[in-house]
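Okay, structure first, notes after.
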Amino acid sequence: MADKKHLYLVDGSAYIFRAYHRLPPLTDPEGTPVGAVYGYTTMLWKLADDLDKADGPTHLAVVLDKSSKSFRNEIYDQYKANRPDPPEDLVPQFPLIRDATRAFSLPCIEEPDVEADDMIASYARAAQAEGWDVTIVSSDKDLMQLVGEENGARIDMLDTMKNARIYIEEVEEKFGVRPEKVGDVLALMGDSVDNIPGIFGVGPKTASKLIAEHGDLTSALDAAEDMKKSKLKERLIEHRADAELSRILVTLKEDCGLPVPLEDMKLDGVPSEPLAAFLEKHGFTSLRRRLDAGTGSPTRANDLNPAKQETKSAEASSEGNSQPLPEMPAIDRAKYECVQSMDRLTEWVERAQAARLVAVDTETDSLDSIKARLVGVSLALGPNDACYIPLAHGGSDMFAEKPEQVDKAEALAALKPLLEDEAVLKVFQNGKYDLNVLSGEGIAVAPIDDTMIISFALDAGRGEAGIGGGHGMDELAQRHLGHVCLSYKEVCGTGKKAIPFGEVTLDKATEYAAEDADVTWRLHAHLKPRLAIEGGTKIYQRVDRPLVPVVAGMEREGIKVDRTRLAKLSEEFATETSRLEKEIHEIAGQEFTVGSPKQLGEILFDKMGYKGGKKGKSGQYSTDQSVLERLSGDGAEIADKVLEWRQLAKLKSTYTDALQEAINPKTGRVHTSYSLVGAQTGRLSSTDPNLQNIPIRTEIGRQIRDAFVAEERNVLLAADYSQIELRLAAHMADVAPLKEAFEHGEDIHSRTATEMFGEVNRDTRARAKTINFAILYGISRWGLAGRLGVEPDEAQEMIDTYFKRFPGIQKYILHTLESVREKGYSETLFGRKTWFPRINSKNQAERQGSERAAINAPIQGTSADIIKRAMVRMVPALREAGLDKVRMLLQVHDELVFELPEGDVAKASEVIERVMAGAAMPAVELSVPLGVEIGTGKSWGAAH
DNA sequence: CGGATCACG
DNA sequence: GACGTACGTGATCCGA
């Protein structure tokens, strides 16, 4: 069988959609987007390259969809009616796909009125009849019907993205039935993307079980009559016609006319001239070099400016496996240099300029990047090729005299051109910190990469129990490099004996600081290529990386806080709490620590004898808000007092006292620190102080918001996305009534109440609101029952009603879970991944916890992506509008707070509204509008 | 340092 | 047969 013919049929249309989503957004020299074309080109190349290999092609053709309509639309007008238009920057790539195919001199099959799948089926069968083997280059589940052997000739499939062959076993694994039964399974389960109805409520699990049990679709449907009473039975009977229609729709047409004879698909290698011209035209320079050099492995380009680097990474991804890392020698701290002269510094700067990529780390005397004073800078240009430049060491009695170091101003003047050079990529670990520190020295660092952010784009949520999942340097070094970093404690000591970094001796400081830069360089070499391979490039390059300098700027701005007002509140709260404390002691008949839940529980349930005390796993009574409210309802006066005491004590310690402490003496403002990797879903988090949980829900708490104020002649402007998560849920789950309500600007909870209870009043609206949120969070009947104060049975009925009124929601939940179980991660509309390593846990509580989080993550994460995109665009949008005095200060998940001159309010509102409302586009076209509400005032409280 | 509590979206 | 029930955060306090 040495000369057995083997036809490869490439499902080109399906490929480019997948390539578009998985590959970085490259553009060619003319600015045309070419990311998908690039992936397509390398894939064709690789296939053609396999010409002489054992299982490689002897014949090869590409099949494309000619038009969006096919004969299936005649049968069923809703077929593929839900298909969104292709993304804006993919459209111009369609014709290029044909150009690329032509450049390889490959036949390109496009026929009207049938789909690519039908042409593939027809060609595959024709070839099989001739005794040829066939490989379908696709991972489309519809095509899996064709897999198998007949006439001594086999048809299999090849998923080039995963580099996986799909044959009978793989199909059985996916569908639980043999390939020829796949059509029956598909007919039962339907397909929301293609709008194939299937049987409502039947998913892949049930579908394959039914077909495995009864043999085929007709038998399964016939068997419904004899099933015992169940939802499934009803549905099978009621929706029989849907399933039968679906069966017709999923059946491939295997007898299409063949416009190009099989023999004409013979593969004769790749003609280099037209291909060279094509590669040249679209700037695929490294492929071009590869062509010149024969078909050997791609040469690793040395040009590492960020734009070119994307091309390099994309290339790695199309190879389907990660490039082997260059061998890295073990960390050797003895190799680091302490730079103590301008001559040496100049040489390092020149070498960094030439390398075009340098890892940088700053050493300071504080964890607070706004307060921190720079004491040194370290650089790394390769493994063990690192240095430390001390700039402000010594000064206390630690040293008899200051150690020898370069002049700080002179050194920074030498470093500034390097750090600001657009052609040199600066790599940081948590660059936001260094950006702020260096900004304090008048240096605006750009462009940057950030290994912490890259790690987050790749591995958010990936930590297994016991193995850290964080993105800090020490953890990353251990996880990826197997290296234990010198700890800060080892260098500076701990507790009372701790010394500031500026007092550490130079040899010790050099070991520590240069190692950080070295490790950062190594982590970058290790993690950056993974982005393109694992599909993290889009979210990193388009969202998170550009956000770093934006958020750094917000931190530096800070926000003004009225200290006098806070002090006054603190005093009031102090008086009130001590009065309440006395009263509480009186009622209890003894003194005790009101702030101790343990003591309080014992007083309430043991001493005073209130009923219903529940002990948690710590063996302690619970005394939280819900418990105290119940006691209060039973007439326990002490519970009311404790509740009030708690509220005031909380406000005082967490806000009015702490915020005064947080005012920076130099700027007179409060500067929070945002973490870009804190929340697994992609949200930001805020610490030191947390400005994302300033009270607003109660009247008394809101007074604290009034202490956040604008400077003279300025105002604060708060811009909120209204109901963004529910809007996204309506879009993502395709819930027509909710989408319609949002389009018409209706009150969404009222609309839900109408749909569910038939009428709107205070009670039904409140219930609907609870249920709406419950859905976003991954509902359980017991959880909902607890919130609504009803029995679990009744809660279950409401959930059923909800799913019945909004079937898209149930489908969304099932699809999301299925996908997370299979792939291990969820994805936002913009491609951000969150991993759920415990989604298949045998521990039920653990597993269900993951399931709830997995249902929520795409929605919460998409919302986070959208506001981040808005923040990135806000800076240039304001500048272009001439609004250079408008400053973005805070982000609170669905809200942005600005400070601006009173006179700029009208114009700024218009820009802010436009940027926020349009932030999803053009990457994602939402089917609901994004509502933005804007308010202004002298204080944050007044701006709402 | 973990648990309980409670502030926010 | 037991489990333990809404997602995502951070700060503060108590008490081991």
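Note that the structure is a prediction, hence the values are computed from the model and not measured. Residue numbers begin at 1 in each chain, while the letters A, B, ... track the order of the sequences.
Between the CD1 atom of A:Ile813 and the P atom of C:dA6 there is a distance of 15 Å, given to the nearest Å. Remark: P of C:dG4 and CD of A:Gln848 are 11 Å apart, rounded to the nearest angstrom. Between the CH2 atom of A:Trp645 and the C1' atom of C:dT12 there is a distance of 11 Å, given to the nearest Å. In this entry the distance linking NZ of A:Lys598 with C1' of C:dT12 reads 19 Å, nearest Å. Atom CG in A:Leu726 sits about 13 Å away from atom C1' in C:dC7, given to the nearest Å. Rounded to a whole Å, the NZ atom of A:Lys652 is 15 Å from the C1' atom of C:dA11. Summarising the geometry, the separation between CD on A:Gln796 and C1' on C:dT5 is reported as 13 Å, rounded to the nearest angstrom. Spacing between atom CG of A:Asp657 and atom P of C:dC13 amounts to 9 Å, rounded to whole angstrom units.
Set against C:dC14, C:dA6, C:dC7, the side chain of A:Thr770 has C:dA6 as its closest nucleotide. Of the candidates C:dG15, C:dT5, C:dG8, the closest approach to any side-chain atom of A:Gln599 belongs to C:dG15. Side-chain proximity of A:Arg787 to the nucleotides C:dG8, C:dA6, C:dA11 is greatest for C:dA6.
Remark: the separation of the C1' atoms in C:dA6 and B:dG2 is 23 Å, to the nearest Å. Nucleotides B:dC6 and C:dC3 place their C1' atoms 27 Å apart, quoted to the nearest Å. Using atom P as the reference point in both C:dT5 and B:dA4, the two lie 11 Å apart (nearest Å).
A:Lys652 forms no cation-pi arrangement with A:Phe573, by the criterion of a distance under 6.0 Å to the ring centre and an angle within 45° of the ring axis.
Judged by distance alone, the side chains of A:Asp624 and A:Ser626 do bring a donor and an acceptor atom under 3.5 Å apart. If you check the side chains of A:Arg669 and A:Asn664, you find no donor sitting under 3.5 Å from an acceptor. With no hydrogens or angles considered, no side-chain donor-acceptor pair links A:Glu933 and A:His944 at under 3.5 Å. For the 3.5 Å distance criterion, the side chains of A:Glu555 and A:Thr672 fail to qualify, holding no donor opposite an acceptor. Side-chain contact, A:Asp688 with A:Ser673: no donor N or O sits under 3.5 Å from an acceptor N or O.
A sub-4.0 Å separation between OP1 or OP2 of C:dT12 and a side-chain N or O of A:Thr654 is absent. Between C:dT5 and A:Arg781, no contact under 4.0 Å exists linking OP1 or OP2 to a side-chain N or O. Between A:Arg852 and the phosphate of C:dC7, there is a side-chain N or O to OP1/OP2 separation shorter than 4.0 Å.
Interface residues of residues 929-940 of chain A facing DNA chain B, ordered by number: none; criterion, heavy-atom separation under 4.0 Å.
Across all strands, A:Ala658 comes closer than 4.0 Å only to sugar-phosphate atoms, never to a base (heavy-atom distances). A:Asn843 comes within 4.0 angstrom of nothing in the nucleic acid, heavy atoms only.
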Fill in the blank from the handout: Whether each nucleotide of nucleotides 4-9 of chain B has a protein heavy atom under 4.0 Å at its base (B), only at its sugar-phosphate (S) or at neither (-) is summarised, 5' to 3', as SSBBBB
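Using N1 to N3 plus N6-O4 or O6-N4 for Watson-Crick, or N1-O2 and O6-N3 for G-U wobble, each under 3.5 Å, C:dT9 pairs with B:dA7.
For the side-chain contact (heavy atoms from CB on, under 4.5 Å) test with A:Ser570, the passing option among A:Thr656, A:Leu651, A:Thr575 is A:Thr656; the others fail.
One distance of note links CD1 of A:Ile859 with CD1 of A:Ile775; it measures 9.5 Å at 0.5 Å rounding. One distance of note links CD of A:Glu791 with CD of A:Gln796; it measures 13.5 Å at 0.5 Å rounding.
Checked against a 6.0 Å centroid threshold, the rings of A:Phe605 and A:Tyr610 do not count as neighbours.
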